[in-house]
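Here's the structure we're looking at; comments come further down.
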Amino acid sequence: MTYRIRGLDPAPFKPLFGLPDEELAERGIVRMTVDSPTFPCRVSLTDRAIGEKVLLLNHVSHDVAGPYRASHAIFVTEGVEQAAEYVDEVPPVFATRVLSLRGFDANGMMADALLTQPGQADAGIRQLFDNPAIATIHAHNATRGCFAARIERN
């Protein structure tokens, strides 16, 4: 069994890059300057460098017509052009975080979930995918609850 983790497609965010702060605020978006190593970009799947600019915005991560529809705040780095992709390995942003891994079936219903400690994400993903009912896994940062990435069977 193999799996794939992809960063979010940058295309929907590109029109936001470079907009004045006032226009971003009208859309409920905040431009922030990274001031600590805890600003994970959901496109590059990396923690961004101090001094970089990121956008903090709401993102619908589980767009289903059901009780598990979900959205939360995420960071996107201004100017990131390509989504990261990892096959059978976890991205750098998973390495130091406690993650909530939520396994969903083909109908968008949660079939199982678990918490992983730093360094245990790969084992948790494989454990959830041992359940044939799980079609996708959503990783969330456990402390803030925000969406980190979608994991698919490969």
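- The heavy-atom pair separating Tyr86 from Ser44 by the smallest distance is OH-O, 4.4 Å.
- Checked against salt bridge (charged side-chain N to carboxylate O under 4.0 Å, His left out), Arg150 has the following partners two or more places apart in sequence or in another chain: Glu152.
- Residues passing the side chain to side chain contact (heavy atoms under 4.5 Å, CB included) test with Pro20 are Glu22, Glu23, sequence neighbours excluded.
- Residues that satisfy the side chain to side chain contact (heavy atoms under 4.5 Å, CB included) test with Asp130, not counting sequence neighbours, are absent from this structure.
- In terms of the ring-ring contact (aromatic ring centres under 6.0 Å, His included) criterion, residue partners of Phe75 (sequence neighbours excluded) are, by chain and number, Phe39.
- Minimum heavy-atom separation, Gly7 to Leu45: N-CD1, 3.6 Å.
- Panel note: side chain Asp105, backbone Asn107; a donor-acceptor pair is recorded below 3.5 Å.
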Please output the side-chain donor-acceptor pairs of residues 114-123 that fall under 3.5 Å, not counting sequence neighbours, one pair per line with the distance.
unit_1 : atom_1 : unit_2 : atom_2 : d
Gln120 : OE1    : Gln117 : N      : 3.2
Asp122 : OD1    : Tyr3   : OH     : 2.4
Asp122 : OD1    : Arg126 : NE     : 3.2
Asp122 : OD2    : Arg126 : NE     : 3.1

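- Residues forming a salt bridge (charged side-chain N to carboxylate O under 4.0 Å, His left out) with Lys53 (at least two apart in sequence, or on another chain): none.
- Val64 forms part of no hydrophobic cluster, judged by ILVMFWY side-chain heavy-atom separations under 4.5 Å.
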Contacts table for residues 136-146: side-chain donor-acceptor under 3.5 angstrom, sequence neighbours left out:
unit_1 : atom_1 : unit_2 : atom_2 : d
His140 : ND1    : Gly145 : O      : 3.2
His140 : NE2    : Arg102 : NH1    : 3.4

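- Annotation: ring-ring contact (aromatic ring centres under 6.0 Å, His included) contacts involving residues 110-133, sequence neighbours excluded, are absent.
- With hydrogens and angles ignored, the 3.5 Å screen pairs no side-chain donor or acceptor of Arg4 with any backbone N or O of Ile151.
- Side-chain contact between Leu56 and Ile29 is absent, with no heavy-atom pair separated by less than 4.5 Å.
- Pairs of residues two or more places apart, or lying in two chains, that qualify as side-chain hydrogen bond (donor to acceptor under 3.5 Å, both in side chains) and include a residue from residues 88-99 are Asp47-Arg97.
- In this structure, the separation between CG on Leu19 and CD on Glu26 is 10.0 Å, given to the nearest 0.5 Å.
- Residues forming a salt bridge (charged side-chain N to carboxylate O under 4.0 Å, His left out) with Arg48 (at least two apart in sequence, or on another chain): Glu52.
- Relative orientation of the Phe13 and His59 rings is tilted, given thresholds of 30° and 60° on the angle between their planes.
- Transitive grouping of hydrophobic side chains (ILVMFWY, heavy atoms separated by less than 4.5 Å) brings Val43 and Phe147 into a common cluster.
- In this structure, Phe17 is a member of the same hydrophobic cluster as Ile74, with clusters built from ILVMFWY side-chain heavy atoms closer than 4.5 Å.
- Residues Leu128 and Phe104 do not share a hydrophobic cluster, clusters being chains of Ile/Leu/Val/Met/Phe/Trp/Tyr side chains in contact below 4.5 Å.
- In the hydrophobic cluster analysis, where Ile, Leu, Val, Met, Phe, Trp and Tyr join through side-chain heavy atoms closer than 4.5 angstrom, Val54 is grouped apart from Val76.
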Practice item. Could you walk me through whether Leu16 and Leu24 pass side chain to side chain contact (heavy atoms under 4.5 Å, CB included), step by step? Key: CA-CA 7 Å; Leu16 304 172; Leu24 291 173; 4.3 Å; yes
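- Across Cys41 and Val80, no two heavy atoms sit closer than the pair SG-CG2, 4.3 Å.
- Of all heavy-atom pairs between Ile134 and Ala111, the closest is CG1-CB, 3.9 Å.
- Within the structure, the salt bridge (Lys or Arg N to Asp or Glu O under 4.0 Å) test picks out the following pairs touching residues 56-65 (sequence neighbours left out): Asp63-Arg69.
- Considering every non-hydrogen atom in both Leu101 and Ile125, the closest pair reads CD1-N, 3.7 Å.
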